[in-house]
Structure formats: structure tokens, C-alpha cells
Amino acid sequence: MADGGPAIADFLGVARSLTGRRWRQRAGDEAAIRALQSQSGLPQFLAQALASRGVTTDTAETFLNPTLRALFPNPSSFAGMDGAAAILVDALVRNRPTWVFADYDVDGASSAAQLVRWFRHMGAELPIHIPDRLAEGYGPTPATFRRLQAMGAELVITLDCGAAAEMALAEAEAIGLDVVVIDHHLMRGAPSGRAIIVNPNQPDCGSGQGVLAAAGVTFVLLAALNREARRRGLFETRAPPDLRRWLDLAALGAICDVTQLSGFNRAIVSQGLKVMSRWENPGMAALMQVATAPLTKATTHHAGFVLGPRINAGGRIGRSDLGARLLATDDAIEAGELARELDRLNSERRDIERSILASAIASIEHQSNLDRDAPALVITGDDWHPGVIGIVAGRLRERYRKPVVVIGIDRQADLGRGSGRSAAGINLGRAVQMAEAEGLLIAGGGHAMAAGLTIRPSSIPEFRAFLNKTLETEAAASDDSLAVDFLTSPVAADRGMLGAIERLAPFGPGNPEPTVALAEVRCERVRAIKGGHLRCALTSPGGGRLEAVAWRADNSPLARAIAAGGVLNVVGRLKADDWKGRGGVELEVEDAADPRQRS
């Protein structure tokens, strides 16, 4: 399976579900399952889920309790890290004018906030520049570096961008501007020139930490800064900063950038969510309050679906620096003002997104020149807001289960700006880089699961053909089946089972949230709720009832089958149901199948 372990025969005999997928059991080594049960005292279903994720008795403890002590890498294993720490601490000591230049998304904002907070602890305040998505585009440009130098900058630290900005880095060298790059995006080749580049995905880096977001690389940089500052005696009169209090920022960037939660990155997220749960960052707490979300134990849901979209809203359709300022401020009043503005922008963003998504779906469903069976979909529209097309690409990827690139065209400027989201096992960022190398794009780059590009509208047909040809082999080898962890029943699906499953958290790429199946349950008390969602109760002949919800299921085959009230095989994820204090469990339905239609 693309998301954890090999697959075996069709689960419950489902060769084609109501969403068009084959169900397969996410399988693990039987010997490992038995060992995990006997030696670790785990219930069978939990041992099975762990084994299917490659966990053994030797690694179970660090997986279930990932700690920084056990998994933190040596900062010196990152190419350029020691040099970056030396030049930054030297700038601090010499009071050199130093600017932070960060990307306009959550990863960039959380990276910037970490670095600003470290320097603030050391008595220096770093100015932040976040490029405007529409006016400046992604990453540093030669003009940007000239402008920052004119404003007095002698050193610029780029965060979550810059590794592939060859022209900008060459310009910085030509004008005598020092640059340190902290990034994680794919690079075209080995770095050249004077700029110090710290990127676990650069060809000469032996850290083995390529899954980190920029926020994770920045957190390692803070450790290198502490080490360098200690070596220079800077902590003889000042206590060193406790980096653990900024783990919430590192975790936020990792979750919102949808990075693989394995190894050290898993420890960042696991421990970072514990720090986040204290809600001591004024910006995060203010965002939770404007979202009317209780300040309870933080989860990946809070980071990815409550905080993340609001922080991103500034860079998408408003002022690009709002998110970084929010996460970096210690002023609760300022945090409240920024949070309210970001919440307003996020509401506006949702309206724009809904409109573009509807247009994009109509294009896919009705345009005769679009091949829905192609390895990837490239969808275009005039005046689609470039700050929202990435979200739309993600929605379409979920709907059509293949890589999607959405391009908004500015006819007056004769320019298209695109954003893409990929499917597991298909490296979209590499394909976009290849298209740029072929001269099909003005600019392009990204990583395996996401990419951005700039293109002339006249080149779009050729780019579409190139992308589909390039991804053809990977798409054919990818597995679009739905992986199921284990079978349960309405009676067995209780808080005890949910608590055991939650021991595997945090969930994300590399550690998918367990999916459970229920066989031949009847859908009863079906009711539609606002937003195109359905609620129902799942009952089995043997007794027991489990509440269930199908999100965004309106007018789909899945929704129609549930609404019919018949007997179905159902797959989904167990969630806590604490509405009005009932302390129950509900199932978030992902798919269903008619048990009478077996392969």
C-alpha cells in the first residue's frame, strides 16, 4: 500500500465501492503482530495496526512515545548548518542589520516566528519581510534582495524558500548581500555561490531528514544557534532559551505542510502538540478564540483545520505578513486584532474557494477536451484567485484521487499562475521541475505532494500533455485502493477502542489514521445537516448502534446509498462524540459498499 504496508485480498470482497475503490486490508507481518501482543501487551487490533506501519517490538516504544532525546539529529549532519549558525550568531554579536524573508504559508510563518523569538530572547528584534503573493510571487527575486539591501539589510535569512532561487542568489552575491537559506524544497542540483544553504533535500546533505518541513529545519537551526552561542560564551550572563517552548511552532509547520510523520519529524509533532495544548502562544490562543474553539488538548485537527487555514488566509487574499506577525507577537492585544482580521479573511477565502471549486468541477465534468482518465488533471480558469487555487487543487485531488494542477489565468498580463496537489506515490514537484527544464514554464518547483508554477496561457496544452506523459508510469504503479486496518462492530467500537487507536497519534503521511470497517450494518435515522453532510445511526443484527457522519457527501453515490437506509459495508474513522457530555464514539464515514455485490 502507498500509505503503509503491502496489500492482500479484497477486504469484505469489495472490488469496487460506492466511491469506485477496491478495499484492501493494510497488512503487517504476522510474527510481528504476535510479538507486539505478547511482549508489549497490546490488543490484537492495535498490534495489527502497528505492524502494518512497519513497527516492531524494537521500535514500538519510540513510535508510541517519540521523544526529542531519542530522535533529535546532530545539527552538524545538515550540510551548511554549522556555517549558518556561525554567521547568524556573528551577526547577533556584531549587531549586523539582519532581515527574515519567509514564504507566505504556515510553514514560512511558523519558521519566521521561531527565528524571531530566538533573536528576541538574545536581545535583538529581526524585521520580517513576507512577499506579496500577487505582486512579488513565491520566493526571493533579484529585485527583492536589492530592495532589502537598500533598506539597510546586510544579511537576509530566507525561510521555506530560496533554495532554487538561483538568479536571486546570484544577484545577492553580486551586490554583496549575505544570504542564509533555510529550506526543504527540491533543488535542481548542488548549490553554488556564496549563499549558505541548509536544506535536507539538497544533494550533498547527509542528515537523512528530508521529510522535515522548513519549520523542522528551523528548529534544528535553533539548536545549532544555542550550541554556537554557548561556545562563544553568550550564556555566561544570559540563560539560554528553552527551545522546547517553541515546539508548537515547529509542529504547526510540519502538520500544515503535510509532511511525513516519521522519525524525528514525528517527535516534533508529538511533543509540539503537547506544548501547543498549553496555548501559551498568544497568536494561537487568539485564533482559537475567534474560531470559537475551546482551548482543549491540541490535535492535528486543531493545527490543520482551525489554525492553519486562518494563518494562511493573510498570504492568500490579504496582507502576507499577518500570519508571521501573529505567531511572533507576545502582545495579547495585538494578537487579538490580528486574529480577528485573519478570521475575516478566512471567511472571504472560503467564499472565493467555493466559487472556483464549482467552476473547476463543472469544467472537469462537462468539457469534452478534458480526459478524466488521464494520469493528472490540469484545470484552468480566467481570473481565478492565485491565493486559493492550491486549496481547490487539494479538494479536486480528494474528489478525483489523482494529481491536480489548477491554473488561474490573467489574460491582461498573459500569465497563468498554478498550484498542484499530488497523490501518494506520484512525485508532482519533480515533474513540474522537469517541465520548467523543458521550457514549458516560466518558473516552477515544489516537492513530491505539492507544486507551484508560472506559465504562459499558450503553453498550457503542451504542459498538460507533458505532465500526463511524465506521470504515466508512476500513476500506473500507484495504488488507489482504500486500506482498511481491521473489522469491528457497533458494540466493540467504544471509547476503549478509540483510546487504544489514539495511542498511534499523531496521524498524517507515513502514519495514516486507522480506518475500521463494519460489515452489513443498517443505516437508520438518516438526516441531512447544513453544509451537505449526512448523519445516521449504524445498527447491526447482533445489537448495538454507532452514530456516523459523512462529511461533504451531498448528492454523491455514497450519500444516496446512506439516505436509502439499506444494509451496507462501511469504512471510516472512529472519533470521540462528546456532544452534550455523552462521552460516546462516532464513525466518520469515508466509503461504503453494497454487501450483495461481492467480487
Side-chain angles (χ1 to χ4, degrees), residues 66 105-111 113-114 213 215-216 219 244-261 265-316 322-324 326-329 332 335-336 338-347 349-350 391 394 498-499 501-514 531 533 549 551-552 573-579 583 585-586 588:
D105 68 358
V106 175
D107 194 19
S110 56
S111 299
Q114 289 181 74
F219 190 74
R244 292 172 297 181
R245 61 180 168 158
W246 300 324
L247 267 172
D248 52 355
L249 293 166
L252 182 66
I255 295 166
C256 292
D257 229 48
V258 199
T259 57
Q260 183 169 319
L261 302 187
N265 201 40
R266 178 171 167 80
I268 286 178
V269 173
S270 179
Q271 300 303 318
L273 287 173
K274 294 178 183 177
V275 175
M276 191 182 294
S277 298
R278 300 199 293 263
W279 302 110
E280 293 176 349
N281 182 288
M284 291 188 198
L287 273 185
M288 292 288 285
Q289 289 166 0
V290 298
T292 65
L295 299 180
T296 55
K297 179 182 177 182
T299 66
T300 53
H301 174 82
H302 292 108
F305 296 97
V306 180
L307 301 175
R310 289 170 171 81
I311 294 169
N312 270 333
R316 293 191 185 282
L322 294 179
L326 176 87
L327 296 176
T329 187
L338 291 169
R340 285 188 290 275
E341 175 65 5
L342 286 169
D343 189 60
R344 183 190 66 78
L345 290 170
N346 190 52
S347 296
R349 184 272 305 167
R350 283 198 296 263
I391 303 174
L498 178 62
I501 289 173
E502 288 177 341
R503 292 186 64 191
L504 276 64
F507 303 118
N511 180 36
E513 186 174 358
H533 317 307
V549 59
W551 303 115
R552 294 194 297 272
R573 295 174 179 83
L574 295 178
K575 301 289 184 178
D577 179 13
D578 291 323
W579 177 250
V585 172
E586 69 178 12
E588 288 189 352

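Fair warning: this is a prediction, and the values are worked out from it, not measured in the lab.
Closest approach of L261 and P506 over heavy atoms only: CD1-O, 4.0 Å. Of all non-hydrogen atoms in L574 and E513, the two that sit nearest each other are O-OE2, 4.1 Å. Nearest heavy atom pair, residue N511 against residue L504, reads ND2-O, 2.9 Å. Pairing each heavy atom of A109 with each of G323, the nearest pair is CB-C, 3.9 Å. Counting all heavy atoms, side chain and backbone alike, L247 lies closest to I268 at CD2-O, 4.2 Å. Taking all atoms of both residues into account, the shortest heavy-atom contact from D257 to A213 is CB-CB, 4.2 Å.
In this structure, the side chains of L287 and V306 stay at 4.5 Å or more apart for every pair of heavy atoms. Contact annotation: the side chain of L295 approaches that of Q289 to within less than 4.5 Å [non-hydrogen atoms, C-beta and beyond]. Looking at R349 and N312, their side chains never come closer than 4.5 Å, going by heavy atoms from C-beta outward.
S110 places a side-chain N or O within donor-acceptor distance of the main-chain N or O of V106, the cut-off being under 3.5 Å. A distance-only check finds no donor-acceptor pair linking the side chain of R245 to the backbone of V275 [under 3.5 Å]. Using modelled atom types, no side-chain atom of E586 and backbone atom of V549 make a donor-acceptor pair closer than 3.5 Å. Under the 3.5 Å distance criterion, the side-chain polar atoms of S277 are matched with a main-chain donor or acceptor of A298.
Annotation for R350: atom CZ counts as buried by contact number, over 12 foreign heavy atoms lying within 6.0 Å.
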For D107 and T259, what are the C-alpha separation, side-chain angles and deciding distance, and is it a side-chain contact (heavy atoms from CB on, under 4.5 Å)? CA-CA 11 Å; D107 194 19; T259 57; over 6 Å; no

What's the verdict on side-chain contact (heavy atoms from CB on, under 4.5 Å) for H302 and M288, showing C-alpha distance, side-chain angles and the deciding distance? CA-CA 8 Å; H302 292 108; M288 292 288 285; 3.5 Å; yes

Could you walk me through whether I255 and L307 satisfy the side-chain contact (heavy atoms from CB on, under 4.5 Å) test, starting with their C-alpha distance in whole Å, then the side-chain angles of each, then the deciding distance to 0.1 Å, before giving a yes or no? CA-CA 11 Å; I255 295 166; L307 301 175; over 6 Å; no

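Rounded to the nearest 0.5 Å, atoms CH2 (W246) and CG (N281) are 11.5 Å apart. Taking CG of D105 as the start and CZ of R316 as the end, the distance is 8.0 Å to the nearest 0.5 Å. Between the CE atom of M284 and the CZ atom of R310 there is a distance of 14.5 Å, given to the nearest 0.5 Å. From R266, atom CZ reaches atom CD of Q271 across 10.5 Å, with rounding to the nearest 0.5 Å. With values rounded to the nearest 0.5 angstrom, I311 atom CD1 is found 4.5 Å from L327 atom CG.
With sequence neighbours left out, E341 forms a side chain to side chain contact (heavy atoms under 4.5 Å, CB included) with L322, R344, L345. When the side chain to side chain donor-acceptor pair (under 3.5 Å) test is applied to R340, no partner is found at least two apart in sequence or on another chain. Judged as a side chain to side chain contact (heavy atoms under 4.5 Å, CB included), and not counting sequence neighbours, the contacts of A286 are A335, A339.
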